[in-house]
Structure formats: C-alpha cells, structure tokens
Amino acid sequence: MPPISPEETPLPPLRPEPARIGALTPLKLPVFRMLWSTWLIANICMWMNDVAAAWMMTTLTTTPIWVALVQSASTLPVFLLGLPSGALADILDRRRWLVATQFWLAGVAIVLCAAVALDVMSAPLLLALTFANGIGLALRWPVFSAIVPELVPRIQLPAALGLNGIAMNASRIIGPLVAGALIASAGTVWVFVLNAVMSVASGFIVLRWRREHTPNPLGREKLISAMRVGVQFVRQSQRMRAVLTRISIFFFHSTALLALLPLLARGLQGGDAGTFTLLLAAMGAGAIVAVLFLPRLRQAYERDQLVLRGTMVQSLATAVMAFAPNVWVAVPAMLFGGAAWITVANSLAVSAQLALPDWVRARGMSMYQMAIMGATAIGAAIWGQVATVSSLQLSLSIAAASGTLLMLAALRYVLDHGTDDDVSPAQVGWSTVPSHKVPDDGRIVINVEYLIDPARAASFHLVMHQTRRTRLSEGAIGWELLHDITQPERYVEQIVDASWTEHLRRFNRATAADLALRERRLAFHMGEDPPVVTRYVVQR
C-alpha cells in the first residue's frame, strides 16, 4: 500500500456545538477577558490620540483638507504595512509582538507630549506624529485579530468579534470624553501623557499572558515568501475577495462622516470641543447597543442583507448630518450611524475570520484591515478635497448616495459562494518522506495521475478547478491539469512547489475542507489503487 499523500482519509466528524451563544459568553474565558481588557485600553488610547490630534489640527488650521488628512495619516500606515506586519504575526511569537507594539505606541505618545510642551507643534509635524502612531496600530491589529480565534471556540467567534466591537465603541465614548475633559481643563498635552501611561500599562498586562509559542518544526518562513503565500491565499478565496470588496466600499464612503466631523461639530449651533466629543460618544453608544442585538439580527437576516441594510442606514445618517442644524438632530443620526457601522463591520469580519485557517489568519486579517484603512485614508482625503472645493453638505451628500449604490453593485456582481468551509487543521497524518535523500534546493514538481471515466470528465473538471484554487492558496507556485491524448481516461495533475521545505509546509496547511475536496476527487478515480503520485526535483 503506497503512503497516503495529501495530494490525494475521511473527513473527521465535527463535534456537536451549542446552538445559542449569548453576546457576552466569551467573557467567561479568563484569558479572553484579560486580552479583551487590553484591547479596550488600547482603543481608548487610540481614540484619545485621534480626538486630541483632530481638535489640535483645527486650532492650527481651518482648511478642511488638513483636518481630513489627520485621519488619513492615522490609517494610511495600516494600508502600507498591513501585509508585512500580518506575515510577521504569523511567523513570530504573537505575545511578544503584541507587547512590542504597545510600547511603540507609548513612545510616540511621549514624543507628542514633548512637542506640545515645547510649543513646537505645527500641522506637518502633527501629521507626521499621527502617521507614526498609525504605524503602531498597523503592527498591533493583525496579531490581535489572529489571537482571538485561539482563545474562543469557533461557535463563539461571532460573539467574541462583537465584544471586540463593544471595546472599540466603548472606547469611542470613553476616549473622547476623557480627552475632551482634559483638553478643556488641563490642556491637550495631558491627553498625550495619559495615552503614554495607559499604553505602557496595557503592555504589562499582556506580559501576564503565559501563551506558549510552538515553533514550526520546518523553521520560520521567510518574510517575502510568507507575504506571497498570504496574498496568494486571498486571491484564491472567493469569500475573501467578496469581503474585501464590500468592506472597502463601505469604509471609503462612511469615512466621509468621521473625517469631516470636527468641522460639522463646529458648524452646529453652539458647536465646540464638547459637541465633537458628544457626537463621537453618540456613535459609540449606537454601536454598543447594536452589538447586543447582533445575535438576533444574525438569526433574522443573512450576512448580505445585514451588510446592505447597514450601508443604507449609514448613508441616511451621513445625509442627515450634512444638514443637521443642531445636536438634537445630529445625536440621533450619529446613534443610528454607529449601529449601522458595527453591523456591517462585524458581519464582514466574521465572514473573513471563518474563511481563514489559523496558519494564514494574521496575514488574511491584515489584508482585511488594509482594505479598511486604505479605503478610509483615500476616502478621507477625497471627501475632504470635495468639501474644500465645494461644501461640506455636497461632499457628504455624494458620499451617502454613492455608498449605497456601489454596495448594491458589489452584492450583485462580486459573488460570495455562500458557505462556511471547515478551515480547522486536518486531523489526518500522511507521509511525505521519500526513500532517497531529501533535495537541498530546487523546485519540486508533483504529478498525480487519475483515471477518469470520459463520461464524467466535465464534472471532474469542475472539481479540479476548485482543486487548483486549493493548491495555490496553500502556497504552490504552479498548477496544471494535463490530459493524455492517446488515453482519454488518463489525467495528470501537476503541482509545483518552490522547494522541498515549502512542499512540506503546504501539507501542514491542509484543512478539513481540503480533505473533503480530496474525497470528491477520489470519487472520480477508477480502479482499486489510489492515484499514482510521483515527485521530481528540478535540476539547475
């Protein structure tokens, strides 16, 4: 009997899971509770910094494009550095990486304190330091996103991500309130001082986590190779492509409201720093209330319906804010806007997490965050420029109308296959040890020979099309299906790996869904013996 090969054992049964999970259930897990508290503190720091920076910019200049660029400077680093930071989070010890990011953010806060205290702050310097703070966010977000599925069972993942949304939006309330109180009573510099202290404290909290890092027996992946495989996985995943398209459209348009909110707050009757804080707090409160109802909403509506309805409510809130005369109109609009924001973001984040196996989770979520931050940075700059050359009202009105129209187009033309594949690691052993010396270098070419009934060839081709996506998503650098001209029943699947080590890594990345697909392939193969597998090394 030849050794079992992953190119070619039955799918392990799924364990029965409880049918209903409450919105707060993951907080019963001590480690998740500790890291969730850290996430809350970290996001309070982020909002304190953003509010202080945005309000400080309005004291340095009243030009809308400069005010909007504060948000661009905060989010652009995540777009630029998201993929390498995600690759490093998949390669390195995630605990140490998370601690390092917290101390980076503390260092930036200290520099901000010094610049304000010495009275050397200017609009360009503020943007530069905001950009440096964004680098810390770029390094932190992918590793935290990858850690969450480690801490909770799969069935609790939507609730855990909803709690992350609560942390984000509670911080949207707490951070601006604390920042606004400090700005009004003691000055902006004390916001940055408190930010630095809390960043250091959250770093020490993470140090208490005794996560055991298990090194890969094949050694660390090279950074460039890890980035290539991450991009390759997302390109081959129909669900990830759909999620990235939708989240980009949503945040490109919804950021118009946040980017221009300081100016909208100033334009309201009696508008000041307190008004700005109140509007942010209202948006956060709306998001928190929505999270508590998300389990019911997920039962009542499909994901695409939640995304579309959330986008429409967000667009309506943006349109109302464009013409709101006072806080009595603006606050309810921000409440509904916050509820819509978390509904769309949570629905798409759950889709992304369920589509990603653990070995590529940080890289996949980094690209998800890159889509958010890239769309946010570009959107903030564009809607700020539209407001500069026209008016706030026109800019927000265009953003509201085009946001809903483009989301409708995306839901219709960028299709999601609509199922949640089981991306848990394959619980089946297989042998890849050759009887000869392991090649030191050179590409590896694998041929898998199938004997297929010609009458079933069309169905076999469909399964092999899915197989191609699987092989490439696992890291193969080439794939082809060859058909023997002289023997119509003979097909040869040819896979190319970059090296023997990468060949072995691809085996270790197999999921339960891959095994299910393998069973479908084998169902087409004729004969008692399994398909013949041969491996070659390309000689240089």
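From a predicted model like this one, the values you see are computed outputs, not experimental measurements. Sequence positions, counted from 1, serve as the residue numbers for this chain.
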Using a 4.5 Å cut-off on heavy atoms from C-beta on, say whether the side chain of [Y] contacts that of [X].
X	Y	value
N133	W104	no
L264	L268	no
L129	V111	yes
M334	L257	yes

Measuring from atom [atom1] of [X] to atom [atom2] of [Y], what distance do you get when rounded to the nearest 0.5 angstrom?
X	Y	atom1	atom2	value
L105	I135	CG	CD1	10.0 Å
M321	L260	CE	CG	10.5 Å
L308	T343	CG	OG1	12.5 Å
R246	R303	CZ	CZ	10.5 Å
M407	I247	CE	CD1	7.5 Å
T130	L125	OG1	CG	9.0 Å

Residue pair [X] / [Y]: nearest heavy atoms and the distance that separates them:
X	Y	result
L335	A285	CD2-CB, 3.9 Å
A340	G310	CB-O, 3.1 Å
L279	A265	CD1-CB, 4.1 Å
V329	A324	CG1-CB, 3.9 Å
S248	A371	OG-CB, 3.4 Å
L69	A381	CD2-CB, 4.4 Å

Restricting to side-chain contact (heavy atoms from CB on, under 4.5 Å), what partner residues turn up for V234, sequence neighbours left out?
M240, L244, M367

Give a yes or no answer on whether the side chain of R363 reaches the backbone of M227 with a donor-acceptor pair at less than 3.5 Å.
no

R239 side chain vs A355 backbone, donor-acceptor pair below 3.5 Å:
no

Short side-chain donor-acceptor distance under 3.5 Å, Q236 and R241
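Not at all, the side chains of R241 and Q236 share no donor-acceptor pair under 3.5 Å.
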
Looking only at side chains, do T311 and T404 share a donor and an acceptor under 3.5 Å apart?
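No.
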
Quick one, I477 with E502, criterion side chain to side chain contact (heavy atoms under 4.5 Å, CB included). Give me CA distance, side-chain angles, the key distance, then yes/no.
CA-CA 10 Å; I477 62 175; E502 293 303 310; over 6 Å; no

For residues 378-402, which residue pairs pass the side-chain hydrogen bond (donor to acceptor under 3.5 Å, both in side chains) check, not counting sequence neighbours?
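Applying side-chain hydrogen bond (donor to acceptor under 3.5 Å, both in side chains) to every pair that reaches into residues 378-402, excluding sequence neighbours, yields H253-S402.
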
Test: side-chain hydrogen bond (donor to acceptor under 3.5 Å, both in side chains). Region: residues 366-380. Which pairs qualify, not counting sequence neighbours?
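Passing the test, one end in residues 366-380: no pairs.
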
With a cut-off of 6.0 Å (strictly less than), are more than 12 heavy atoms of other residues, nucleotides or ligands near CZ of F103?
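Yes, because the 6.0 Å sphere around CZ of F103 holds more than 12 heavy atoms from other groups.
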
Please walk me through it: do R361 and Q353 pass side chain to side chain contact (heavy atoms under 4.5 Å, CB included)?
CA-CA 7 Å; R361 192 177 302 279; Q353 288 279 16; 2.9 Å; yes

Evaluation steps, side chain to side chain contact (heavy atoms under 4.5 Å, CB included), between F336 and W341:
CA-CA 9 Å; F336 281 101; W341 180 88; over 6 Å; no

Determine whether L356 and F233 satisfy the following criterion, side chain to side chain contact (heavy atoms under 4.5 Å, CB included), listing intermediate values before the conclusion.
CA-CA 9 Å; L356 293 167; F233 181 93; 3.6 Å; yes

